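Model, not experiment: these values are computed from the prediction.
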Amino acid sequence: MPIIFITGHGDVPMAVRAMKAGAVEFLTKPYDDEVLLSAIQQAIECSHAALRREAEMRSIRVRYASLSRRERQVMALVVRGLLNRQVGCELGISEITVKAHRGSAMRKMNADSLADLLNIAARLHLASTLKR
């Protein structure tokens, strides 16, 4: 929830604390109506952007949850940079099976490319999957 902090007795340390706590704007009285309206508009835009990001993250989490255990394993190794052959050796499965799981994971995650899959993994904070 965006906050606009308004005070009649503000000082710099108070403004710093308010901004660090997440205030969108810190206004001291008296202020111009246009300044307040501009701050409100900025707060609304910030709120809409945050809601869009959260909805997108929920969608990504739901898609990730739809992956099978094996698809998650393949995805983890692929985003680490392993080739299909290497993934197959690591998991004890054939390269063709890796390709099938990789393709399925890509479809389920709505990733059009490896770069998309890497971005999704980063957004999910799958840091442990990015380490060797």
Side-chain angles (χ1 to χ4, degrees):
M1 169 90 45
I3 295 172
I4 300 170
F5 194 92
I6 300 173
T7 183
H9 304 287
D11 57 18
V12 172
M14 183 187 297
V16 170
R17 282 193 312 274
M19 298 306 279
K20 282 185 176 181
V24 175
E25 188 64 71
F26 184 92
L27 303 177
T28 55
K29 293 179 184 177
Y31 53 83
D32 185 38
D33 290 345
E34 287 302 314
V35 171
L36 179 59
L37 290 174
S38 175
I40 291 170
Q41 182 63 37
Q42 179 185 357
I44 290 170
E45 289 170 7
C46 286
S47 179
H48 286 165
L51 290 171
R52 278 192 303 275
R53 283 190 305 273
E54 182 52 37
E56 190 174 327
M57 281 307 299
R58 255 191 320 273
S59 174
I60 290 171
R61 285 187 211 105
V62 166
R63 291 193 314 256
Y64 185 73
S66 76
L67 297 179
S68 70
R69 183 180 61 82
R70 183 62 87 186
E71 288 166 344
R72 287 181 191 196
Q73 290 172 331
V74 169
M75 179 178 165
L77 295 171
V78 166
V79 298
R80 278 181 30 195
L82 274 66
L83 301 173
N84 290 338
R85 181 181 69 253
Q86 295 168 314
V87 172
C89 288
E90 182 89 15
L91 298 176
I93 58 178
S94 73
E95 188 174 346
I96 292 171
T97 303
V98 171
K99 288 179 183 180
H101 287 303
R102 179 178 177 162
S104 180
M106 296 279 288
R107 276 189 303 282
K108 288 181 180 180
M109 296 305 296
N110 288 343
D112 295 325
S113 65
L114 178 57
D116 286 344
L117 196 63
L118 287 169
N119 286 331
I120 291 167
R123 293 190 66 194
L124 287 169
H125 302 291
L126 299 178
S128 61
T129 65
L130 299 175
K131 297 177 186 171
R132 276 198 181 240

Engineer: Without hydrogens or angle criteria, can the side chains of Q41 and E45 be said to hold a donor-acceptor pair below 3.5 Å?
Structural biologist: yes
Engineer: Rounded to the nearest 0.5 Å, how far apart are CG of L117 and CG of D112?
Structural biologist: 11.0 Å
Engineer: How long is the gap from CE on M109 to CG on L67, to the nearest 0.5 Å?
Structural biologist: 5.5 Å
Engineer: Under the salt bridge (charged side-chain N to carboxylate O under 4.0 Å, His left out) rule, collect the residues that match up with R107, sequence neighbours excluded.
Structural biologist: none
Engineer: Testing the basics here: between V79 and L118, what is the closest heavy-atom pair and its distance to 0.1 Å?
Structural biologist: O-CD2, 3.3 Å
Engineer: Do Q73 and I93 make a side-chain contact, defined as non-hydrogen atoms from C-beta onward lying under 4.5 Å apart?
Structural biologist: no
Engineer: Is atom CG of D33 surrounded by more than 12 heavy atoms (other residues, nucleotides or ligands) closer than 6.0 Å?
Structural biologist: no
Engineer: If you look at every heavy atom in K108 and S66, which pair is closest and at what distance?
Structural biologist: NZ-O, 3.3 Å
Engineer: Taking all non-hydrogen atoms of both residues into account, name the closest pair between M57 and R123 and its distance.
Structural biologist: CE-O, 3.2 Å
Engineer: Quick one: pull up OG1 in T7 and CE in M14 and give me the separation to the nearest 0.5 Å.
Structural biologist: 5.0 Å
Engineer: Following the transitive rule for hydrophobic clusters with a side-chain heavy-atom cut-off under 4.5 Å over Ile, Leu, Val, Met, Phe, Trp and Tyr, establish whether V35 and I3 coincide in one cluster.
Structural biologist: no
Engineer: On a heavy-atom basis, which atom in M19 and which in V24 lie closest, and how many Å separate them?
Structural biologist: CE-O, 3.8 Å
Engineer: What are the two closest non-hydrogen atoms of F26 and A18, and how far apart are they?
Structural biologist: CD1-CB, 3.8 Å
Engineer: Begin with the C-alpha distance, continue with both residues' side-chain angles, and end with the deciding distance and a verdict on side chain to side chain contact (heavy atoms under 4.5 Å, CB included) for I6 and L36.
Structural biologist: CA-CA 9 Å; I6 300 173; L36 179 59; 4.1 Å; yes
Engineer: Kindly work out whether a path of hydrophobic side-chain contacts (I/L/V/M/F/W/Y, heavy atoms less than 4.5 Å apart) joins F5 to Y31.
Structural biologist: no
Engineer: Checking R52 against E56 for the salt bridge (charged side-chain N to carboxylate O under 4.0 Å, His left out) test, could you report, in this order, the C-alpha distance in whole Å, the side-chain angles of both residues, the deciding distance, and whether it holds?
Structural biologist: CA-CA 6 Å; R52 278 192 303 275; E56 190 174 327; over 6 Å; no
Engineer: Is M1 isolated, or which residues cluster with it under the ILVMFWY side-chain rule of less than 4.5 Å, directly or via members?
Structural biologist: none
Engineer: Just to verify, which of H101, R102, K99 counts as forming a side-chain hydrogen bond (donor to acceptor under 3.5 Å, both in side chains) with N84?
Structural biologist: R102
Engineer: What distance do M75 atom CE and R80 atom CZ have between them, rounded to the nearest 0.5 Å?
Structural biologist: 13.5 Å
Engineer: Taking atom CD1 of I96 as the centre, does the number of heavy atoms from other residues, nucleotides or ligands within less than 6.0 Å exceed 12?
Structural biologist: no
Engineer: Decide yes or no for Q42 and S38: does some side-chain heavy atom of the first lie under 4.5 Å from some side-chain heavy atom of the second?
Structural biologist: no
Engineer: Which atom pair, heavy atoms only, marks the closest approach of A39 to L27?
Structural biologist: CB-CD1, 4.5 Å
Engineer: Begin from the C-alpha positions of R72 and Y64 and carry the test side chain to side chain contact (heavy atoms under 4.5 Å, CB included) through to its verdict.
Structural biologist: CA-CA 8 Å; R72 287 181 191 196; Y64 185 73; 3.8 Å; yes
Engineer: So do the side chains of L91 and R70 get within less than 4.5 Å of each other, counting heavy atoms only?
Structural biologist: yes
Engineer: Mark yes when over 12 heavy atoms from residues, nucleotides or ligands other than R61 sit less than 6.0 Å from its CZ; otherwise mark no.
Structural biologist: yes
Engineer: In this structure, would V87 and L83 fall into the same cluster of hydrophobic residues linked by side-chain contacts under 4.5 Å?
Structural biologist: no
